[in-house]
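All values reported here derive from a predicted model rather than from experimental measurement. We're numbering straight along the sequence, starting at 1.
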Amino acid sequence: MSEKRVQHHAEDEAQAYRLQVIGAREGAIKGTLVAGTLMILANWRYPLVRRQTLAGKCFLVMWGTIFGLVTHADKYLLKWEEEHRIASERWRNVARAEPVLTCAFVLKTELAATGSVPSETTMRKWKEKKDAEARAMDDVPAASPVLDELKRVQEAKESSTTQ
């Protein structure tokens, strides 16, 4: 794999790891609070629970903690993967010049007009070029190529209606 691609994957891995850690912390706290509260209420209400040792009660509370930790970390990761997949597919569609209906505008790009084959490498280079153009124009972090195309279509429409 190319150096940029390896770097891109490393950034994605780091972001996914950070999100999992955040989700795991949130889930562990929620799981501990829920399981601890339930154990306190069960200890107050049921004599069978009252007869259990402290270690047994803590073991049951830890089940809740671990359950919350795992489920929330997974939830955060799955949500990020879905958003990442949608964003990647969006710019791939634009690069392949498949019409993408966004805000009632049909977007088309010049990648298909050049006659190049829309392989992953070509699309990645096209995306880097578009992001560099967006940064040069706006002096802000890289924007979505779909939004760039949307702006371009809107400007073309406005200029054609004023003439």
Side-chain angles (χ1 to χ4, degrees), residues 1-46 48-49 52-103 105 107 109 111 117-152:
M1 284 197 289
S2 71
E3 191 69 28
K4 286 184 180 181
R5 191 169 183 173
V6 170
Q7 180 183 4
H8 177 70
H9 288 305
E11 291 170 2
D12 285 346
E13 287 174 14
Q15 186 175 3
Y17 177 75
R18 284 192 303 271
L19 287 171
Q20 280 183 308
V21 168
I22 291 169
R25 286 179 184 159
E26 180 184 321
I29 291 169
K30 286 181 179 180
T32 302
L33 290 175
V34 169
T37 303
L38 289 174
M39 186 53 63
I40 289 170
L41 292 174
N43 189 51
W44 172 71
R45 174 69 177 95
Y46 299 106
L48 179 66
V49 175
Q52 299 300 315
T53 64
L54 180 60
K57 294 173 190 175
C58 289
F59 179 73
L60 293 174
V61 171
M62 286 306 296
W63 272 9
T65 302
I66 293 169
F67 178 78
L69 183 143
V70 171
T71 55
H72 276 69
D74 194 44
K75 180 181 86 171
Y76 272 60
L77 180 62
L78 290 174
K79 184 178 178 185
W80 177 81
E81 284 177 345
E82 181 182 2
E83 291 170 357
H84 185 69
R85 192 177 315 114
I86 289 169
S88 296
E89 192 59 34
R90 186 175 297 134
W91 72 259
R92 280 190 182 99
N93 286 340
V94 171
R96 288 184 197 126
E98 294 175 0
V100 177
L101 192 60
T102 306
C103 298
F105 295 103
L107 305 177
T109 64
L111 186 61
V117 177
S119 65
E120 286 291 322
T121 305
T122 310
M123 287 188 282
R124 192 177 322 105
K125 288 178 183 176
W126 175 83
K127 182 177 184 287
E128 290 171 1
K129 180 180 142 193
K130 286 293 182 188
D131 289 346
E133 288 176 7
R135 273 184 258 129
M137 284 178 30
D138 298 335
D139 255 20
V140 294
S144 167
V146 174
L147 295 177
D148 291 342
E149 288 298 319
L150 182 61
K151 286 179 188 176
R152 203 174 304 156

Undergrad: Report the C-alpha separation of Trp80 and Asp12 in whole Å, then their side-chain angles, then the decisive distance to 0.1 Å, and conclude whether the side chain to side chain contact (heavy atoms under 4.5 Å, CB included) test is met.
TA: CA-CA 10 Å; Trp80 177 81; Asp12 285 346; 3.9 Å; yes

Undergrad: Give the minimum heavy-atom separation between Lys57 and Gln52, together with the two atoms involved.
TA: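 Reported closest heavy-atom pair: CE-O, 3.4 Å.
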
Undergrad: Could you measure the distance from the CG atom of Leu54 to the CG atom of Asn43? Nearest 0.5 Å is fine.
TA: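 Rounded to the nearest 0.5 Å, the CG-CG separation comes to 9.5 Å.
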
Undergrad: When rounded to the nearest 0.5 angstrom, what is the spacing between CD in Glu13 and CD in Gln20?
TA: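 Rounded to the nearest 0.5 Å, the CD-CD separation comes out at 11.0 Å.
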
Undergrad: Using 0.5 Å steps for rounding, measure from the CG atom of Leu41 to the CG atom of Leu38.
TA: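 One gets 6.5 Å once the value is rounded to the nearest 0.5 Å.
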
Undergrad: Rounded at 0.5 Å granularity, tell me how far CG in Leu33 sits from OG1 in Thr65.
TA: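 One gets 8.5 Å once the value is rounded to the nearest 0.5 Å.
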
Undergrad: Give me the one residue out of Glu82, Glu83, Glu81 that meets side chain to side chain contact (heavy atoms under 4.5 Å, CB included) with Lys79.
TA: Glu83

Undergrad: Are Trp63 and Phe59, when compared by the centres of their aromatic rings, separated by less than 6.0 Å?
TA: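 Judged by ring-centre distance (under 6.0 Å), Trp63 and Phe59 do meet the cut-off.
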
Undergrad: Minimum heavy-atom separation for Val61 and Ala35, please, with both atom names.
TA: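 Shortest heavy-atom contact: O-CB, 3.7 Å.
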
